[in-house]
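Single-structure report; data block below.
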Amino acid sequence: MRAALSSTLKKVSAAAAARRPRVAFVSSASHHHHRHHQSNKPTKKRKDDYILGPDLPDIWATPGSISPPAESESGATMAVDAELAPTIIDGKSIAEEIKLGIAKEVHRMKDTIKKVPGLAVVLVGQRRDSQTYVRNKIKACEEVGIRSLMAELSEECAEDEVLNAVSEFNQDPSVHGVLVQLPLPQHMDEDTILGAVSLQKDVDGFHPLNMGNLALRGREPLFIPCAAKACIELLLRSGIKLKGKNVAVIGRSNVVGLPTTLLLQRHHATVSVVHAFTNNPEDVTRVADIVISAAGVPNLVRGSWLKRGAIVIDVGTNPIEDPSLEHGYYLRGDVCYEEALQVASAITPVPGGVGPVTVAMLLSNTLDSAKRFYGIS
Ligand SMILES: Nc1nc(=O)c2c([nH]1)NC[C@@H]1CN(c3ccc(C(=O)N[C@@H](CCC(=O)O)C(=O)O)cc3)C=[N+]21
């Protein structure tokens, strides 16, 4: 437990509000819905639509088209009741702490069996945000002594080339984790490619068998998806108990919303799932003790969606294009941060919240995989 966390990390970010660049949050639907957490493929026809329900894509009636809240005049300090100042959950320092523990174990492994864990990343295409995330992952590997390999393929390459890259990494005994960076180009079938990753190296936890074992009571998946694990770590390390809590999860993607919901239930939380077809989602979120948003829509969660004192975990990493910036984009969460600060008791920022812990969880899964492979505990 991190007793120091809540006291040292309390700060009020009025300055952040004043600094926010003026951008129109236009709903260029294609852009927002192509983010990694949402499937962007056309709906597949299935025979059992009747019993499983039709497979509708989650396209949010997005308040992304609503302009963000009025900005306070530059430099103006908001009057904030000290008692209401929320804890800013510092994902970056939590990630550092986790990585320190991983580094120790990696070094011990190197000393005792002369092996280190290996992570292979398959990156297809040129998306700038994907390149940044992959670079972060590789940098994080270096920090803890995990060996990293990368296969970079062009946007136009054939699906077979991706499958070949996955297959080579599957067979390489020095590789213990294989990750295919999402989203893949439109013309590729995500299910085929993710299904090709060796079950024993599926450090993303996206293989249907790992996901199924996460869903089934009494079963243990080999790997738990990193973002879901990161949400739970952030809550637990901030001293927040989950048992019996009302948690609203916004979004039901395979990579975040669904595994997070399953993992929360394993922690005995009462979970309500809000998705693009939910009527009056704010009625659900307003009664939640904890709100976890993974919708991929900037500014979706307004202050009015939150109960006073709610805990807010923002998984959204929405790249907003801004040609004036070095990287060509900046990141916004799903949560209207400035508004949430006024009502929440604790909140994760974007960036610096869930993202860095997600990367730490990937390293942790890779270490676990290597330990399993070499039969050490
Ligand atoms: N197969 C697969 N597995 C993933 O886990 C996966 C993926 N595909 N596709 C993309 C998403 C996104 N994701 C992030 C990881 C780190 C940050 C991260 O480190 N964010 C930093 C800042 C990033 C920056 O420098 O711009 C932060 O929030 O502070 C963000 C997002 C993993 N994803």
Side-chain angles (χ1 to χ4, degrees), residues 16 34-40 88-96 98-99 119-125 127-141 143 150-151 162 165-166 169 177-185 188 190-191 193-197 201-207 210-211 223-231 233-234 251 253-257 259-260 293-296 298 313-322 325-335 337 347-366:
H34 283 191
R35 72 189 291 277
H36 58 279
H37 293 153
Q38 305 289 329
S39 165
N40 52 17
I88 310 298
I89 301 175
D90 186 349
K92 220 168 169 173
S93 74
I94 291 176
E96 291 305 323
I98 295 168
K99 284 191 283 186
L119 174 70
V121 178
V122 179
L123 174 62
V124 188
R127 281 178 65 115
R128 269 167 313 182
D129 57 329
S130 291
Q131 287 173 334
T132 307
Y133 301 146
V134 168
R135 208 179 325 113
N136 287 356
K137 290 169 187 178
I138 286 172
K139 204 181 105 226
C141 283
E143 277 173 44
M150 173 146 101
V162 183
V166 168
F169 289 141
V178 177
L179 176 152
V180 180
Q181 184 71 15
L182 301 177
L184 287 163
M188 292 187 186
E190 195 177 288
D191 289 346
I193 292 166
L194 294 185
V197 173
K201 301 189 181 186
D202 176 37
V203 285
D204 258 334
F206 295 162
H207 192 288
N210 274 326
M211 200 68 89
F223 302 100
I224 296 167
C226 303
K229 239 176 137 176
C231 292
E233 279 281 352
L234 282 162
S253 69
N254 289 342
V255 298
V256 190
T260 303
S293 188
I313 305 293
D314 191 351
V315 195
T317 48
N318 308 297
I320 312 281
E321 292 204 32
D322 183 343
L325 297 177
E326 192 192 335
H327 290 102
Y329 71 92
Y330 67 96
L331 287 182
R332 277 295 291 188
D334 289 351
V335 177
Y337 189 71
I347 185 166
T348 58
V350 176
V354 178
V357 183
T358 302
V359 175
M361 292 300 110
L362 174 66
L363 305 178
S364 159
N365 280 353
T366 305

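Indexing begins at 1, ligand by ligand and atom by atom, following the structure's order. Below, all heavy atoms of this structure are taken into account, side chains as well, without hydrogens, waters or symmetry copies.
Near Val180, with a cut-off below 4.0 Å to any heavy atom, the atoms of ligand 1 are 1 (N), 2 (C). Numbered from 1 in the order shown, with element, the atoms of ligand 1 that lie under 4.0 Å from a heavy atom of Thr132 read 24 (C), 25 (O), 26 (O).
Note: no N/O pair closer than 3.5 Å links Leu179 and ligand 1 by distance alone. Some N or O of Asp204 is nearer than 3.5 Å to an N or O of ligand 1, by distance alone. In terms of polar-atom proximity, Gln181 is counted as a contact of ligand 1, with an N or O under 3.5 Å from an N or O of the ligand. For Leu182, a nitrogen or oxygen atom sits less than 3.5 Å from a nitrogen or oxygen atom of ligand 1, counting backbone and side chain alike. Ligand 1 has an N or O atom lying under 3.5 Å from an N or O atom of Gly352, backbone or side chain.
Put simply, part of Pro356 is less than 4.0 Å from ligand 1, judged by heavy atoms. At a 4.0 Å cut-off, not a single heavy atom of Val350 sits close enough to ligand 1 to count as contact.
Under the side chain to side chain donor-acceptor pair (under 3.5 Å) criterion, Asp204 pairs with no residue, sequence neighbours left out. Scored by the salt bridge (Lys or Arg N to Asp or Glu O under 4.0 Å) test, Lys229 finds no partners at all (sequence neighbours excluded).
Summarising the contacts of atom 4 (C) of ligand 1 with Met361, Lys139, Lys137, Glu190, the nearest heavy atom is found in Lys137. By heavy-atom distance, the residue among Pro183, Gly355, Ala95 lying nearest atom 20 (N) of ligand 1 is Gly355.
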